[in-house]
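Okay, so here's the structure we're looking at.
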Amino acid sequence: MPSSPVVRFAPSPTGRIHIGNARTALLNWLYARSHHGTFILRFDDTDLERSKEEYARSIEEDLAWLGMRPDLIRRQSERFAAYDAAFERLKASGRLYAAYETAEELDRRRKRQQALGRPPIYDRAALKLDDADRAALEASGRRPHWRFRLEERMVRWDDMARGESHIDCASISDPVLRREDGTYLYTLPSVVDDIEFGVTHVIRGEDHVTNTAVQIQLFEALAGAAPRFGHHNLLTDAGGEGLSKRTGSLSIRSLRERGVEPLAVAALAVLVGSAQTVRPVGSLDELAGLIDLAHLSHGAARFDEAELDALSTRTLHGLPYGAVADRLAEVGIAGPRGEALWLAARGNLARLPDILIWRDVTEGEIEPIIEDAGFLKLAASLLPGEPLDQATWGAWTKAIREATGRKGRELFHPLRLALTGREAGPEMAVLLPLIGRARASARLSAPSA
């Protein structure tokens, strides 16, 4: 196995990805990042009717928003020839066989087995058919689906998240790999791609555990060795309900549109249900250093949007200017003045677009709130000349205090209301130089409403 891991995230582009899908993508990307590996985005789009290009583009956009850019992008819809070749190899080796039962017949058979207290496992009746039987069935209009014949043995693997694991394949039905219409189910294309792309670690949700023994046998039949598997715990919403692409629950697109910080989404998606405390991170690299698949809990973890909102705000407050410069430039906040505004205002923002409030306070027109025109006129007369700096506020308010005897809220609050038009906000010592002397003087001298 190569020293550098190769991992993949394999969504089907039949809807928008949700936070549960993003958890899988992040765990793969972070594992590759921390081990100098390769991250493949593979679109499982063999369902040509339901797969949509708009969803594929949306998935790429959502991953990029979260900070994940794949090293390779592949589409299963372009690889049917590889699946057909693997299918023929399995058929030639005797591991595939044709079966002709209809869905209704199989359902009746399962119910009969359950009524007799037997496990509802396919009984391999198709293996008893001879050439004449098959010819008769096909002459009547039946078309075969194709099953992979499992070896009835215990399959064991060392799971990266769950530890030593095993499944007795004698308790599993031989899986259908190809339908009557010639289309493939998930299993064969996935294994063929993992082999051909050199995937070394398959990191996915624990809902795939039951597929693992089948896939290991399929890997062995086609390539001789299987990759390492890791099955992480799943996310639910705050009420404990499962997530679904089809219902749009907690979609990444909806979180983007709400203005939630992507680093907060990534941190909560990965750290919840782990041994780590959920907390803000400064980068995905920092997050990669925190996560260990072996330290994930084995129970489902709840993704709480209220917790996300709080974490998003805490994350925003700690971001350096360099981490947000591109986004600020999109709304015209840039350069040294933009950095100064960011450092002044970030601790008072719930969402990044809220900084526009403070851009207007420092550069635009506001409606000053005038509580005591006489006091403000005196304060304006004591305002020091340019240049204003962070020491100006302290020196100015000291002079006002000495002239008026005011102190505390009685001194500071009327000045804040007049200069910003708001009850609260960033420290005035850092805001005043950004507002500037001319603008400050005009606001202090504004007539009472």
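Residue numbers start at 1 and run along the sequence shown. Everything numeric in this text was worked out from a predicted model, so none of it was measured.
- Partners of Trp393 by ring-ring contact (aromatic ring centres under 6.0 Å, His included), not counting sequence neighbours, listed by chain and number: Trp396.
- Among residues two or more places apart in sequence or in another chain, the ring-ring contact (aromatic ring centres under 6.0 Å, His included) test is passed with Trp146 by Phe87.
- Here the side chains of Ile172 and Thr210 are not in contact, with every heavy-atom distance at 4.5 Å or above.
- Sequence neighbours left out, the pairs with a member in residues 372-392 that pass salt bridge (Lys or Arg N to Asp or Glu O under 4.0 Å) are Asp372-Arg406.
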(Q) Quick one, Val7 with Trp29, criterion side chain to side chain contact (heavy atoms under 4.5 Å, CB included). Give me CA distance, side-chain angles, the key distance, then yes/no. (A) CA-CA 8 Å; Val7 301; Trp29 192 92; over 6 Å; no

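- Here the side chains of Leu27 and Arg23 are in contact, with some heavy-atom distance below 4.5 Å.
- For Arg258 and Glu305, the salt-bridge test passes: some basic side-chain N is under 4.0 Å from an acidic carboxylate O.
- Counting only distance, with no hydrogens or angles, the side chain of Thr420 and the backbone of Arg422 share a donor-acceptor pair below 3.5 Å.
- Looking at Ser77 and Asp45, their side chains do bring a donor and an acceptor atom within 3.5 Å of each other.
- Looking at Asn28, its side chain does come within 3.5 Å of a backbone N or O of Ile203 through a donor-acceptor pair.
- Glu206 has a carboxylate O that lies under 4.0 Å from a charged side-chain N of Arg162, or vice versa, which qualifies the two as a salt bridge.
- Counting all heavy atoms, side chain and backbone alike, Leu234 lies closest to Asp207 at CD2-OD1, 3.7 Å.
- For the pair Asp194 and Arg8, the salt-bridge criterion is met [side-chain N within less than 4.0 Å of a carboxylate O].
- Atom CD of Glu53 is surrounded by more than 12 heavy atoms from other residues, nucleotides or ligands within 6.0 Å.
- Ring planes of Phe9 and Phe39: parallel class, angle under 30° (limits at 30 and 60°).
- For His166, there are no ring-ring contact (aromatic ring centres under 6.0 Å, His included) partners at least two apart in sequence or on another chain.
- With sequence neighbours left out, Ala82 forms a side chain to side chain contact (heavy atoms under 4.5 Å, CB included) with Arg79, Val192, Glu196.
- Using the six-membered ring where Trp is involved, Phe80 and Tyr83 have ring planes that are perpendicular, over 60° apart on the 30 and 60° scheme.
- When the shell of 6.0 Å around CZ of Arg69 is examined, it contains 12 or fewer heavy atoms from other residues, nucleotides or ligands.
- Thr183 is linked by a side chain to side chain contact (heavy atoms under 4.5 Å, CB included) to Arg179, Asp181, counting only residues two or more places apart in sequence or in another chain.
- For the salt bridge (Lys or Arg N to Asp or Glu O under 4.0 Å) condition, the pairs that include at least one residue of residues 26-38, sequence neighbours left out, are Arg33-Asp285.
- Remark: the Ser312 side chain and the Thr315 side chain contain no N/O donor-acceptor pair separated by less than 3.5 Å.
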- Task: Quick one: do Asp159 and Ser165 satisfy side chain to side chain donor-acceptor pair (under 3.5 Å)? Show the steps, please.
- Result: CA-CA 6 Å; Asp159 196 288; Ser165 303; 4.5 Å; no

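- Here Ile73 pairs with Leu41, Phe43, Glu60, Pro70 under the side chain to side chain contact (heavy atoms under 4.5 Å, CB included) rule; sequence neighbours left out.
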Are Ile357 and Leu349 close enough, and set up right, to give a side chain to side chain contact (heavy atoms under 4.5 Å, CB included), and what steps lead you there?
CA-CA 10 Å; Ile357 295 169; Leu349 309 179; over 6 Å; no

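- A side-chain contact (heavy atoms from CB on, under 4.5 Å) with Pro11 is found for exactly one of Asp62, Thr24, Ile59, namely Ile59.
- One finds a salt bridge joining Arg42 and Asp193 here, because a Lys/Arg side-chain nitrogen approaches an Asp/Glu carboxylate oxygen to under 4.0 Å.
- Between Asp84 and Tyr184 the shortest side-chain heavy-atom distance falls below 4.5 Å.
- Identified under the salt bridge (Lys or Arg N to Asp or Glu O under 4.0 Å) test for residues 345-355, with sequence neighbours left out: Asp309-Arg351.
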Review point. Side chain to side chain donor-acceptor pair (under 3.5 Å) between Trp358 and Asp360: does it pass, once the steps are laid out?
Key: CA-CA 5 Å; Trp358 301 105; Asp360 291 344; over 6 Å; no

**OP:** Tell me, with the steps shown, if Glu371 and His413 meet side chain to side chain donor-acceptor pair (under 3.5 Å).
**Re:** CA-CA 9 Å; Glu371 283 192 336; His413 194 57; 4.8 Å; no

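- Contacts classified as side chain to side chain donor-acceptor pair (under 3.5 Å) and involving residues 433-445 (residues at least two apart or in different chains) are not found.
- Between the side chain of Arg302 and the main chain of Ala238, a donor-acceptor pair closer than 3.5 Å is present.
- Judged as a side chain to side chain contact (heavy atoms under 4.5 Å, CB included), and not counting sequence neighbours, the contacts of Arg153 are Glu151, Val155, Gln217, Glu220.
- Looking at Phe148 and Thr187, their side chains never come closer than 4.5 Å, going by heavy atoms from C-beta outward.
- Looking at heavy atoms from C-beta onward, His232 lies out of side-chain contact with Met160 at the 4.5 angstrom threshold.
- Residues Ser4 and His35 have side chains that never bring a donor and an acceptor to within less than 3.5 angstrom of each other.
- Applying the salt bridge (Lys or Arg N to Asp or Glu O under 4.0 Å) test to residues at least two apart or on different chains, the pairs with a partner in residues 311-333 are Glu261-Arg327.
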Q) Going through the distances and angles, do Arg50 and Lys52 end up as a side chain to side chain contact (heavy atoms under 4.5 Å, CB included)? A) CA-CA 6 Å; Arg50 293 180 57 232; Lys52 305 294 182 186; over 6 Å; no

